[in-house]
Amino acid sequence: MAVHVAVVDPLPMFRQGVAAVLSAAGHDVETPADVVAWVRHGQRTVVLLTLAREPDWELLRRLRDAGDRHAVIALIGEEEPAALGVRAIQAGARSVLPREVTPRALSRTVEATFDGQSVMPSEVATALATGARGMPVPRTLSPRQLSWLRQLSEGATVAQLARRAGYSERAMFRLLQALYREIGASTRIQAIVRAQEEGWLRTLPDFPSNPTRPHG
């Protein structure tokens, strides 16, 4: 079964490697610059989309809203696969795969997804089945903490947050670790996923740096 596939990934070498693997399996593969326009051509397609930064998640939501003639396979990293996989399915992906997937598993997943099935790691399926949501929404998060979460989701580093907030990098790291614990997360990725799921990243104000903050 030949499937029309689009590959969306920030690394040209990865795109070319995936295209070569799927082409060798008999599929028709493209790497369109505008994948949303590409899926609107009308034919049934599969999109392989790597989810690495927040703009990738926004693209997933745009693909979800672009019609029902295509299916998205989300490619995720090894860190926090259950949380990322659940978020991907909820945002519109039909299947989820680790980015380090084998060529055989990739080809089989493309065919199964095109055929209307959902393929995902067992931990993602378990999380979806149990409906795990984590801790209740804390009531003590400040607007500044919410702003930090938003900036992290946009790719800001700890050093950048520290500079903007007027803290030393070490102090900023400690503050973020405390924030993660408060919302039931242990890593940056978990914190971003939880913030996105709860809608905490919407229309948050920016908080300028405060040079009167203590350093250390």
Side-chain angles (χ1 to χ4, degrees), residues 1-78 80-129 131 153-155 189 192-193 196-197 199 201-202:
M1 173 175 56
V3 179
H4 202 189
V5 184
V7 180
V8 182
D9 186 275
L11 297 180
M13 289 291 289
F14 184 87
R15 293 197 302 269
Q16 293 168 14
V18 170
V21 166
L22 294 178
S23 295
H27 302 302
D28 181 13
V29 187
E30 296 185 42
T31 57
D34 185 348
V35 70
V36 175
W38 185 84
V39 300
R40 286 176 172 154
H41 288 165
Q43 66 184 113
R44 290 182 62 209
T45 58
V46 169
V47 177
L48 283 171
L49 173 61
T50 295
L51 299 173
R53 300 186 62 180
E54 199 59 32
D56 303 326
W57 294 92
E58 177 58 31
L59 177 56
L60 175 57
R61 289 186 283 271
R62 290 174 59 203
L63 286 168
R64 176 194 61 196
D65 297 336
D68 58 3
R69 297 288 293 169
H70 60 281
V72 177
I73 300 174
L75 300 179
I76 61 175
E78 294 181 339
E80 311 301 340
L84 290 177
V86 168
R87 182 184 176 190
I89 294 296
Q90 292 174 339
R94 179 176 296 172
S95 296
V96 175
L97 284 176
R99 195 163 178 266
E100 298 76 14
V101 66
T102 65
R104 182 180 179 187
L106 177 62
S107 182
R108 291 173 60 184
T109 299
V110 166
E111 294 175 5
T113 301
F114 183 78
D115 199 35
Q117 302 176 49
S118 292
V119 179
M120 64 193 71
S122 58
E123 58 264 44
V124 177
T126 299
L128 285 169
S153 76
E154 294 171 347
I189 292 295
I192 292 172
V193 169
Q196 182 66 45
E197 288 177 344
L201 305 182
R202 300 170 189 158

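Just so you know, these numbers come straight off a predicted model, no measurement behind them. Heads up: numbering here begins at 1 and tracks the sequence.
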Could I get the full list of side-chain contact (heavy atoms from CB on, under 4.5 Å) partners for [X], not counting sequence neighbours?
X   : answer
R61 : E54, W57, E58, R64, R87, A91, Q196
A66 : V36, V39, R40, H70
P32 : A6, E30, V35, W38

Are a donor atom and an acceptor atom from the side chains of T113 and S95 found within less than 3.5 Å of each other?
->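 T113 vs S95: donor-acceptor pair found between side chains.
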Heavy-atom side-chain proximity of V101 to T109 below 4.5 angstrom =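 With C-beta onward as the side chain, the pair stays apart.
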Is E111 close to Q117 at the side-chain level, that is, under 4.5 Å between some pair of heavy atoms?
->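 The answer is no, as the side chains (C-beta and beyond) never meet within the 4.5 Å cut-off.
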Pick from L75, I76, V72: which one makes a side-chain contact (heavy atoms from CB on, under 4.5 Å) with L49?
->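 So, applying the side-chain contact (heavy atoms from CB on, under 4.5 Å) to L49 and each of L75, I76, V72, only V72 qualifies.
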For the side-chain contact (heavy atoms from CB on, under 4.5 Å) test, which of V29, V46, D115 pairs with V3?
->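 Between V3 and the candidates, side-chain contact (heavy atoms from CB on, under 4.5 Å) is satisfied uniquely by V46.
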Quick one: closest heavy-atom pair of [X] and [Y], and the distance?
X    : Y    : value
A2   : G26  : CB-O, 3.3 Å
A82  : V124 : CA-CG2, 4.0 Å
V96  : G85  : CG2-O, 3.8 Å
E123 : P81  : OE2-CG, 3.5 Å

Donor-acceptor contacts, no H, no angles, side chain residues 14-23, under 3.5 Å, sequence neighbours left out:
from: R15; atom 1: NH1; to: D9; atom 2: O; distance (Å): 2.5
from: S23; atom 1: OG; to: A19; atom 2: O; distance (Å): 2.7

Would you say T31's side chain and V7's backbone share a donor-acceptor pair under 3.5 angstrom?
->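 No, the answer is negative, given that no donor and acceptor are paired below the 3.5 Å cut-off.
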Just by modelled atom types, is the T50 backbone N or O under 3.5 Å from a matching donor or acceptor in the R99 side chain?
->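 Not a single qualifying donor-acceptor pair exists.
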Verify the neighbour count for atom CG of D68: are there more than 12 heavy atoms of other residues, nucleotides or ligands below 6.0 Å?
->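 Incorrect, the count does not exceed 12.
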Starting at CD1 of I89, measure out to CG of L84 and round the result to the nearest 0.5 Å.
->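 CG of L84 is found 12.0 Å from CD1 of I89.
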State which residues pass side-chain hydrogen bond (donor to acceptor under 3.5 Å, both in side chains) with Q43; sequence neighbours excluded, sorted by chain then number.
->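 Testing Q43 for side-chain hydrogen bond (donor to acceptor under 3.5 Å, both in side chains), a comparison that skips the adjacent residues, returns H4.
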